[in-house]
Protein chains: 2
Amino acid sequence: MRIGDLAARAGVSVRSVRYYEEQGLLTSVRSPRGQRLYGDAEVERVRFVQRLYAAGLSSRTIAELLPCVDSPSRENSDAAMERMLQERARLSQHIDDLIQTRDTLDRLMAVAAEHHALQAAGTSSATHSTC
Amino acid sequence: MRIGDLAARAGVSVRSVRYYEEQGLLTSVRSPRGQRLYGDAEVERVRFVQRLYAAGLSSRTIAELLPCVDSPSRENSDAAMERMLQERARLSQHIDDLIQTRDTLDRLMAVAAEHHALQAAGTSSATHSTC
DNA sequence: CTAGAAGCTGACATTGACGTCAGAGGCAAG
DNA sequence: CTTGCCTCTGACGTCAATGTCAGCTTCTAG
């Protein structure tokens, strides 16, 4: 499987695949003439990397995490486990923030809807709220 | 209240405050000599903007949303409401993604912990899993 | 064999939310 | 008046993940 196919299957650009390799997030076997070759497993690998990106991890952090996924050993598992715990905490914090923001948005929309209803009824009440 | 105080109270940099004004997310009154002056309300405003940023909204999107918050009127409330619904959906999707990623991380950590335990017991079982 | 699609490397461009610096002016305290 | 801190505008730097282009090579279909 060549780079174009991998990119298509994983739903990313060819450029991104090369970048992932450059960052040490992905390895490839080279054909005698220098073209990158991949197995089916790499498709999942790319998707996994994408998900970590989506979770806000930097390529450096991902690079620190992946060795544990790849070759579990005593030395790296401790450090990686700590790293994962850290990222898990960061992720949870981020999720909580987003939920809180969504709640804020919901309250804003509720007030807006109420205002809209009042206005539709021609009632100009004392609701001084925003929107 | 001058820009430095506002920035300190809201917990952002002076640069950011100027940037917000540049993007139309914040307004200021100018002193006779041209310095920006703010009221207490702007502190909350800046914090609100920050939360929207944290939620992944771009400054352009925030700029489209804020007029509704500021001056509720019939024309802008419809558009703003739609926009808010859109962003709410995006937010929910993002939250779901993050939770899914956290779950993946949890599974990874569980396997890692198991592996670690087995290794500690000197047992090299058939768990071919990652880490 | 040959045209065109796809790959390679290397480098510069882009986007967004700032950081940072320069040069000039404002403002309160001693 | 001076010292030192704050503010102003304007412009360039940064960082990270990609886009994009150039110039060249390799593979594939006819």
Side-chain angles (χ1 to χ4, degrees), chain A residues 1-39 42-43 45-66 87 90-91 94 97-98 101, chain B residues 1-39 42-43 45-66 87 90-91 94 97-98 101:
Chain A
M1 182 186 214
R2 293 191 301 172
I3 195 171
D5 303 318
L6 174 62
R9 282 210 218 168
V12 304
S13 69
V14 169
R15 178 69 174 89
S16 295
V17 174
R18 291 207 193 96
Y19 178 73
Y20 295 167
E21 179 168 333
E22 187 182 321
Q23 299 300 308
L25 312 181
L26 187 65
T27 54
S28 63
V29 168
R30 295 302 182 105
S31 82
R33 287 307 187 178
Q35 299 201 338
R36 294 171 177 86
L37 299 177
Y38 304 93
E42 316 310 313
V43 177
R45 173 72 159 218
V46 170
R47 292 212 179 107
F48 183 58
V49 167
Q50 278 274 306
R51 299 203 32 191
L52 293 181
Y53 272 131
L57 307 207
S58 70
S59 60
R60 208 173 61 78
T61 304
I62 299 176
E64 289 181 45
L65 233 45
L66 287 180
E87 292 306 326
R90 231 184 36 76
L91 212 52
H94 194 189
D97 287 352
L98 290 188
T101 300
Chain B
M1 182 185 215
R2 293 190 300 173
I3 196 172
D5 303 319
L6 173 63
R9 281 209 218 168
V12 303
S13 69
V14 169
R15 178 67 175 93
S16 295
V17 174
R18 291 206 194 95
Y19 178 73
Y20 296 166
E21 179 169 332
E22 187 182 319
Q23 300 299 310
L25 312 181
L26 187 66
T27 53
S28 63
V29 168
R30 295 302 183 108
S31 82
R33 287 306 185 180
Q35 300 199 338
R36 294 172 177 85
L37 299 177
Y38 304 93
E42 316 309 315
V43 177
R45 173 72 160 217
V46 170
R47 292 212 179 107
F48 184 59
V49 168
Q50 278 274 307
R51 301 206 29 194
L52 293 181
Y53 271 130
L57 308 207
S58 70
S59 61
R60 209 173 60 77
T61 304
I62 299 177
E64 288 180 45
L65 232 46
L66 287 179
E87 292 306 326
R90 230 185 35 78
L91 213 51
H94 194 190
D97 287 353
L98 291 189
T101 300

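No hydrogens, no waters, no symmetry mates; every other heavy atom, side chains included, goes into these values. Predicted model, so just to flag it, every value in this text is computed and none were measured. Each chain gets a letter, A, B and so on, in the order the sequences are listed, and its residues count up from 1.
The side chain of B/Arg15 contributes no N or O atom lying less than 4.0 Å from OP1 or OP2 of C/dC18. For C/dG16, neither phosphate oxygen OP1 nor OP2 lies less than 4.0 angstrom from any side-chain nitrogen or oxygen of B/Ser59. Contact annotation: B/Gln35 side-chain N/O to D/dT9 OP1/OP2 distance is not under 4.0 Å.
Here the side chains of A/Phe48 and A/Leu66 are in contact, with some heavy-atom distance below 4.5 Å. Counting only heavy atoms from C-beta outward, the side chains of B/Leu37 and B/Arg2 approach each other to under 4.5 Å.
The CE atom of B/Met1 sits 11 Å away from the P atom of D/dT7 (whole-angstrom rounding). Rounded to an integer number of Å, the gap from CG of A/Leu37 to C1' of D/dT26 is 12 Å. Taking atom OH on B/Tyr53 and atom C1' on C/dC18, their separation rounds to 9 Å, with Å as the unit.
Checked against D/dT20, C/dT9, D/dT26, the side chain of A/Arg18 finds its nearest nucleotide in C/dT9.
Listed in residue order, the members of residues 2-13 of chain A having a heavy atom less than 4.0 Å from DNA chain C are A/Ile3, A/Gly4. Near DNA chain C, meaning a heavy atom under 4.0 Å from it, residues 19-32 of chain A has A/Arg30 in order of number.
Between B/Ala10 and B/Val46, the closest heavy-atom pair is CB-CG1, 3.5 Å. Between A/Gly39 and A/Met1, the closest heavy-atom pair is O-SD, 4.0 Å. The heavy-atom pair separating A/Val12 from A/Val17 by the smallest distance is CG2-CG2, 3.7 Å. When all heavy atoms of B/Thr61 and B/Glu87 are compared, the closest pair comes out as CG2-OE2, 3.5 Å. Heavy-atom minimum distance, A/Tyr19 versus A/Ser59: OH-OG, 4.1 Å.
Axis angle, first five pairs versus last five pairs of the helix from C/dC1-D/dG30 to C/dG30-D/dC1: 10°, rounded to 10°.
No donor-acceptor pair closer than 3.5 Å links the side chain of A/Arg47 to the backbone N or O of A/Gly11.
Each of B/Leu57 and B/Arg33 has a nearest nucleotide on DNA chain C; the 5'-most of these lies closest to B/Leu57.
Taking a cutoff of 4.0 Å between a charged side-chain nitrogen and a carboxylate oxygen, B/Arg18 and B/Glu21 do not qualify as a salt bridge. Contact check on A/Glu42 versus A/Arg45 returns no salt bridge, with no Lys/Arg side-chain nitrogen under 4.0 Å from an Asp/Glu carboxylate oxygen.
Residue B/Arg30 places its CZ atom among more than 12 non-hydrogen atoms of other residues, nucleotides or ligands, all under 6.0 Å distant.
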